[in-house]
Amino acid sequence: MTFSVHGLAVARGIAIGRAVLMASSRVDVAHYFIEPERIEAEIERVRLGRNAVVDELHRLQTTISLMGPKEAPHELSALLDVHLMLLQDEELITGVKHWITDRLYNAEWALTTQLEVLSRQFDDMEDDYLRGRKADLEQVAERILRYMKGVGSPTAPPTSGKRKTQQDLLLDDSMDVPLVMIAHDLSPADMLQFKQSVFAGFVTDVGGRNSHTAIVARSMDIPAVVGARSASHLVRQDDWIVIDGDAGVMIVDPSPIILAEYGFKQRQGELERGRLSRLRHTPAVTMDGQKVELLANIELPEDAPAAVKAGAVGVGLFRSEFLFMGRRGHLPDEEEQYHAYRRAVEGMEGLPVTIRTIDVGADKPLDDSVRDEAHLNPALGLRAIRWSLADPAMFLTQLRAILRAAAHGQVNMLIPMLAHASEIRQTLSLVDFARAELDNRGVAYGPIKLGAMIEIPAAALTLKIFLKYFDFLSIGTNDLIQYTLAIDRADESVAHLYDPLHPAVLRLVAETIAECNAQGKGVSVCGEMAGDTSLTRLLLGLGLRSFSMHPAQILAVKQEVLRADTARLVPWAKQVLDAEDPATVLAG
């Protein structure tokens with residue numbers, strides 16, 4: 001019987017194949033009390049399981065180092081580092097020992113109990129990225145449990161004994177039928193094995209748009225649906241599956257008609273990708289001659305070559321906080337930061353790189369500690385530039401590193417979450433002080449352009465102050481929407497109210513673009529709106545000429561740019577802006 005399961009669309013495309021179920025090792029974990037004399041033996045069992053996982057991850061890292069970026073994107077290596085860090089986490093280790101020693105739980109029970117304790121702490125975090133790290137913790141525990149239970153590799157494809165069905169006849173030789181993975185969740189290590197195997201796509205029960213599975217799926221360009229709830233319980237081994245990564249839907253046991261329809265869509269998608277790839281070296285110019293700048297958002301220096309390959313004309317947002325997170329108090333010093341920024345600059349082959357200063361705080365602690373419960377609303381607390389100004393020594397270290405990297409290419413510096421003129425003046429004073437420190441040391445540095453993020457309504461409403469001090473502005477639409485509409489985008493109960501087309505949001509975006517254009521200052525959009533092709537024409541009509549997005553989105557946005565006539569879009573964009581329901585006008 002054909003049925004569908006809905007989730008979140010995180011990586012575009014269509015995948016069709018047989019289901020491979022990845023069983024969770026948390027099923028049937030034994031729960032019993034041990035005798036006191038068994039305490040050391042149970043602790044040793046956990047230690048041996050943990051060491052085995054560490055060895056496995058080290059072997060996978062070695063494999064990655066021998067592979068090219070196409071076969072194993074850098075995201076996998078970075079996520080394996082996260083798992084190795086979690087394996088050494090004292091709170092996990094100490095907690096497990098506590099449950100074994102004080103409560104006399106068996107090893108598996110102790111591990112899953114401590115996992116539940118730590119998971120609740122992650123649930124309390126407001127930040128999407130950090131909440132997504134709960135899945136990493138769960139996967140670390142699962143891998144330890146696998147070794148303790150002697151469970152083999154979860155990604156080995158099954159041998160099918162099913163007879164050929166009518167659906168089979170619609171595909172090529174049954175020996176070459178693709179396989180798709182259905183899992184509760186997938187760890188980075190699983191993803192590496194996934195990439196090296198025959199799997200054409202995947203569906204997971206859990207995960208969000210910012211989860212590691214979504215990040216890796218986008219980087220690998222693999223059709224994927226996450227957050228599909230009970231998908232792994234509804235699908236049987238070897239079922240026919242269609243994964244619609246565009247709509248966020250999994251179809252189980254599709255009829256021949258549905259299968260033929262999606263087969264056609266799949267072929268059309270492949271043809272479209274081929275057509276888009278031919279645009280890589282085509283300048284982004286509208287039909288009426290308006291030049292448009294398409295930039296890339298990156299998290300690590302190793303992202304730079306992929307951005308160049310995707311046709312980006314620069315980096316519009318380098319999220320520097322990824323260099324700081326998960327360091328357990330050992331923050332990167334000036335030399336480490338300088339070399340990281342320099343690698344990004346050199347990796348862009350002479351194209352400009354905009355480095356955003358560290359954006360952490362409250363719900364994004366640097367030392368991976370649980371957020372202070374005194375922060376009732378971390379999104380409104382000590383974060384981003386507020387955090388940096390509260391720790392000038394740390395901030396000056398980053399400023400010096402960025403200035404030094406500017407000696408090797410075009411570097412812009414972007415300051416997040418500014419709202420007050422006093423913050424602006426204090427930030428500029430520290431930039432000048434960092435230059436003076438480098439002069440005193442006789443260390444070379446380069447010129448930079450200085451920009452500010454517009455992500456707080458107060459900033460959007462006081463643009464003239466910002467434009468007085470800064471060379472350019474960058475609109476961070478993700479936070480701007482959240483703060484304008486008072487919506488916690490991590491809260492599923494109100495997520496449906498998160499609306500980039502709300503009239504208030506559009507007005508703030510439009511006025512920011514218009515004021516920058518009037519004063520001859522650069523302005524870009526670096527939030528999710530920039531990579532959404534359904535909004536490209538609207539942003540062009542509002543006067544935007546600089547978009548920054550995930551490299552995988554660049555060619556699709558470029559196609560929209562090439563088809564656009566901004567002279568005609570301007571009056572239409574004004575209609576959208578003035579509408580009570582902009583989405584209706586946009587759709588029409």
Side-chain angles (χ1 to χ4, degrees), residues 91 118-134 208-210 299 317 319-329 331-332 356-399 414-430 452-462 465-466 474-495 497-498 504-505 508 526-528:
E91 196 167 355
L118 296 177
S119 293
R120 285 195 294 270
Q121 295 175 353
F122 277 93
D123 286 336
D124 288 338
M125 296 179 182
E126 299 290 337
D127 180 71
D128 287 348
Y129 177 82
L130 284 183
R131 280 173 54 167
R133 303 290 64 77
K134 171 185 170 181
R209 289 187 173 89
N210 294 318
E299 284 79 42
L317 177 63
R319 299 183 175 98
S320 68
E321 58 269 18
F322 281 78
L323 300 174
F324 290 74
M325 298 175 72
R327 303 292 295 257
R328 302 196 57 78
L331 304 185
R356 182 177 68 186
T357 60
I358 185 170
D359 184 2
V360 297
D363 60 324
K364 293 192 284 186
L366 294 180
D367 61 358
D368 296 315
S369 60
V370 180
R371 67 180 178 91
D372 185 346
E373 291 302 324
H375 294 105
L376 298 180
N377 194 332
L380 305 181
L382 190 67
R383 56 165 294 200
I385 191 59
R386 300 170 184 177
W387 179 289
S388 296
L389 294 178
D391 190 350
M394 179 197 73
F395 193 34
L396 284 167
T397 298
Q398 179 173 41
L399 295 177
L414 185 60
I415 312 298
M417 208 177 173
L418 286 165
H420 301 272
S422 59
E423 291 176 326
I424 295 173
R425 289 191 292 268
Q426 193 177 352
T427 299
L428 296 179
S429 176
L430 286 171
M453 293 279 288
I454 302 299
E455 49 192 343
I456 300 176
L461 294 170
T462 54
I465 296 175
F466 281 76
S474 185
I475 307 173
T477 54
N478 299 352
D479 271 340
L480 184 62
I481 296 167
Q482 172 170 260
Y483 292 133
T484 302
L485 302 182
I487 296 299
D488 181 357
R489 48 199 170 107
D491 186 341
E492 293 183 2
S493 62
V494 294
L497 298 174
Y498 185 86
V505 173
L508 292 176
C526 63
E528 289 297 310

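When reading the values below, keep in mind they use all heavy atoms of this one structure, side chains included, and skip hydrogens, waters and symmetry mates.
- Of the inter-residue distances, the one linking L323 atom CG with I358 atom CD1 reads 9.0 Å to the nearest 0.5 angstrom.
- Considering all non-hydrogen atoms of both residues, R356 and S320 come closest at O-OG, 2.6 Å.
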Residue pair L389, T427: steps toward the side-chain contact (heavy atoms from CB on, under 4.5 Å) verdict: CA-CA 7 Å; L389 294 178; T427 299; 3.9 Å; yes

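- In this structure, CZ on F324 lies 6.5 Å from CE on M394, to the nearest 0.5 angstrom.
- Between L461 and L508, the closest side-chain pair of non-hydrogen atoms falls below 4.5 Å.
- Remark: F466 CZ to I454 CD1 distance equals 5.0 Å, nearest 0.5 Å.
- For the pair R383 and D359, the minimum side-chain heavy-atom distance is below 4.5 Å.
- With rounding to the nearest 0.5 angstrom, the CD1 atom of I415 is 12.0 Å from the OG atom of S474.
- Between M453 and D479 there is no side-chain heavy-atom pair separated by less than 4.5 Å.
- Within the 4.5 Å cutoff, the side chain of I487 has no heavy atoms near those of the I481 side chain.
- With rounding to the nearest 0.5 Å, the separation of CD1 in I424 from OG in S429 is 13.5 Å.
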Given the rule in the side-chain contact (heavy atoms from CB on, under 4.5 Å) test, do L414 and L317 qualify, once you have shown the distances and angles that lead to the verdict? CA-CA 8 Å; L414 185 60; L317 177 63; 4.1 Å; yes

Under the side-chain contact (heavy atoms from CB on, under 4.5 Å) rule, what do E455 and Q482 come out as? Steps first, then yes or no, please. CA-CA 9 Å; E455 49 192 343; Q482 172 170 260; over 6 Å; no

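- For the atom pair CD (Q426) and CD1 (I385), the distance works out to 8.0 Å, reported to the nearest 0.5 Å.
- Between L497 and L485, every side-chain heavy-atom pair lies at or beyond the 4.5 Å cut-off.
- Two residues are said to be in side-chain contact when any heavy atoms from C-beta on lie closer than 4.5 Å; M417 and W387 fail this criterion.
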